Amino acid sequence: MHDIRFIRENPEDFDAALARRGLEPLAASLIALDEERRAAVTEVQVAQSRRNEASKLIGAAMAKGDREEAEAIKAEVAALKDAMPALEARADALAADLKGRLEIIPNLPGADVPDGAGEEDNRVESEWGTKRTFDFTPREHADIAPALGMDFETGARLSGARFTFLRGGMARLHRALGQFMLDVQTREHGYAECNPPVLVGDDAMYGTDKLPKFAEDSFCTTNGRWLIPTSEVSLTASVMGELLDEAALPMRLTALTLCFRSEAGAAGKDTRGFIRQHQFEKCELVSIVRPEDSEAEHQRMVRAAETILERLNLPYRKLLLCTGDMGFGARKTYDLEVWLPGQGAFREISSCSNTGDFQARRMNTRYRVAGEKKTEFVHTLNGSGLAVGRTLVAVIENYQNADGSVTVPDALLPYMGGVTRLEPLA
RNA sequence: GGAGAGGUGGCAGAGUGGUCGAAUGCGCCGCACUCGAAAUGCGGUUUACCGGCAACGGUAACGUGGGUUCGAAUCCCACCCUCUCCGCCA
């Protein structure tokens, strides 16, 4: 959510930043609407002020026992009261209109974010690892994995497209990945382990900028709760409405949860394999920090995500997303893309975003500056550390053998109960 | 799901139609006393919005949303949440 005062005071900067996102200027129309709103608010307040004053006079008159004077003032206030509902309705309508316009405007890109129209303009920041050379032609996970317990048919039969049933060693490897990620993030990077609800109310979704604009991307229950599209929602919204002590910051939270996405806009995209599912697991990282710390925290978070890939010895590259490819709430985003030898391509496996105070404003999450009276909005960051399903895909493709088996990465051996490779069933 | 009790400031806890944004205590901040500290005393200490260069003035907020009233923390209705008991149950 944007701060109308910032827009009022920096209209050119605001429009220039929107232009970098490919949007038309909006400052002038927003400011005009805000001026109308403020004038209406003032009108209401003047009327209320007069009403309050008169009411006190009535009280005083009654106390004196002067019923006549009290009745006279009552009549005066009655007239005033007739006019008030209309004034209030107008002020409310204008405020709602302004809010409705502000809440669907994406966050402004950071100064160091490269301009661009789409993913082709993202900037490769670094690349890590050595791509394995195969003495056979590496296959895609969707071809190898069914024999190892990744059962697409049963998933589809139970639930439809984009659902998968994992069995045996494949299910175990998937579990091992999640546990491994959670352990590294909690033990080595100081994230506090959480196990949050995966069904949340409107406020949590709104606060993390998934509503109102992206309602169709998530699943909603019949009694009005949302299945979280990412535990960013539950973790970030855990501080919704709070006034935090500065000493509580930075707050680092992680959770391994199921995530649910309707993939409404992705019809026909990645329909094969385990890449894009309606239900998937993700180890999420969330940081709540002071504004002056958010850039450093962002770098730290990306490193925490990179660590997982490095421990698994999976080659990857780090991208700084351009203005045209960033998500709605982000002001700066790094994506990590893992190398998939079967597909011969890098695929997104983590996305780490700094939202600045964008979500904090929507959630009304502030902190009190130590030793001072003033409060400030926190900055919130979120990142995948990592997406478990896609990491499973990456392990399968990078650790595959000519006979169709998959070697378990060393880092996962402690979690595999003695299993060192997944063997084809028949 | 049923019955009862309750939701007030950072915390505890008064207030049950009129100078109540709210007593009191704790905490916190400042000042005094002190070589210093403790103790003590005095003063201060919610948030958001509107107007104003500012000082300051105004409005709103006592779980949320409605209603009654000249006036609501206080009365009425609905909903949410917490606690206790009962039922059911992984």
Side-chain angles (χ1 to χ4, degrees), chain A residues 1-9 30-103 195-207 211 221-226 234 237-249 251 258 357 359-378:
Chain A
M1 179 70 92
H2 292 286
D3 180 9
I4 185 62
R5 261 185 305 191
F6 172 85
I7 299 172
R8 215 190 287 156
E9 284 157 23
L30 292 169
I31 290 169
L33 182 57
D34 183 52
E35 267 168 28
E36 244 190 295
R37 185 199 119 248
R38 279 151 64 210
V41 165
T42 300
E43 262 191 279
V44 168
Q45 292 189 352
V46 166
Q48 287 173 328
S49 178
R50 265 188 289 169
R51 182 201 59 193
N52 290 347
E53 206 179 340
S55 294
K56 281 181 188 167
L57 292 176
I58 294 169
M62 302 277 268
K64 268 194 319 202
D66 189 345
R67 285 203 78 80
E68 223 171 279
E69 192 187 335
E71 290 304 323
I73 306 172
K74 273 194 197 183
E76 197 183 309
V77 176
L80 182 62
K81 248 190 100 184
D82 284 341
M84 286 181 59
L87 293 178
E88 282 168 14
R90 189 174 129 76
D92 288 350
L94 287 166
D97 189 5
L98 183 63
K99 180 166 181 267
R101 294 200 206 186
L102 287 174
E103 68 193 2
N195 193 317
V198 297
L199 258 56
V200 299
D202 288 347
D203 290 350
M205 289 286 280
Y206 180 87
L211 289 178
T221 67
T222 52
N223 60 355
R225 279 189 263 271
W226 299 88
S234 309
S238 69
V239 294
M240 175 167 70
E242 291 199 35
L243 180 54
L244 303 165
D245 281 336
E246 185 170 11
L249 308 178
M251 190 183 288
L258 285 169
D357 63 8
Q359 293 180 326
R361 284 182 185 283
R362 294 172 86 101
M363 297 193 297
N364 191 27
T365 301
R366 296 157 300 156
Y367 73 100
R368 191 183 300 285
V369 180
E372 286 184 49
K373 267 197 75 172
K374 69 170 178 176
T375 61
E376 271 191 60
F377 287 108
V378 297

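For the numbers below, each heavy atom of this structure counts, side chains included, while hydrogens, waters and symmetry mates do not. Every chain is numbered from 1 and lettered A, B, ... according to where its sequence line falls, protein lines coming before strand lines. In this text, all values refer to a predicted model and were calculated from it rather than measured experimentally.
- Counting to the nearest Å, the C1' atom of B/rU47 and the CD atom of A/Glu242 are 15 Å from each other.
- In this structure, A/Arg50 atom CZ and B/rC70 atom P are separated by 18 Å, rounded to whole Å.
- Checked by atom type and distance alone, the side chain of A/Ser55 pairs as donor or acceptor with a backbone atom of A/Arg51 at under 3.5 Å.
- Residue-level contact check: A/Arg5 touches the backbone only, with heavy atoms under 4.0 Å from sugar-phosphate atoms and none from bases.
- We find that CG of A/Asp203 is positioned 13 Å from C1' of B/rG65, with the value rounded to whole Å.
- Of the candidates B/rA60, B/rG18, B/rC50, the closest approach to any side-chain atom of A/Ser55 belongs to B/rG18.
- Listed candidates were B/rC50, B/rU47, B/rG71. Nearest to the side chain of A/Thr42 is B/rC50.
- Using a 4.0 Å cut-off, no side-chain N or O of A/Ser49 falls inside it from OP1 or OP2 of B/rG58.
- Distance CD (A/Gln45) to P (B/rG51): 9 Å, rounded to an integer number of Å.
- As rounded to whole Å, 19 Å separates atom P of B/rU64 from atom OH of A/Tyr206.
- Within the 4.0 Å cut-off from OP1 or OP2 of B/rA48, at least one side-chain nitrogen or oxygen of A/Arg366 is found.
- Spacing between atom CZ of A/Arg51 and atom C1' of B/rG58 amounts to 13 Å, rounded to whole angstrom units.
- Ion pairing between a basic and an acidic side chain is recognised when a charged N comes within 4.0 Å of a carboxylate O; A/Glu35 and A/Arg8 show no such pairing.
- Across all strands, A/Asn364 comes closer than 4.0 Å to no nucleic acid atom at all (heavy-atom distances).
- Computed from coordinates, the A/Glu43 CD to B/rU59 P distance equals 16 Å when rounded to whole Å.
- At the heavy-atom level, A/Arg361 lies nowhere under 4.0 Å from the strands shown.
- If you measure from atom CD of A/Glu53 to atom C1' of B/rG18, you get 15 Å, rounded to the nearest angstrom.
- OP1 or OP2 of B/rU59 sits under 4.0 Å from a side-chain N or O of A/Asn52.
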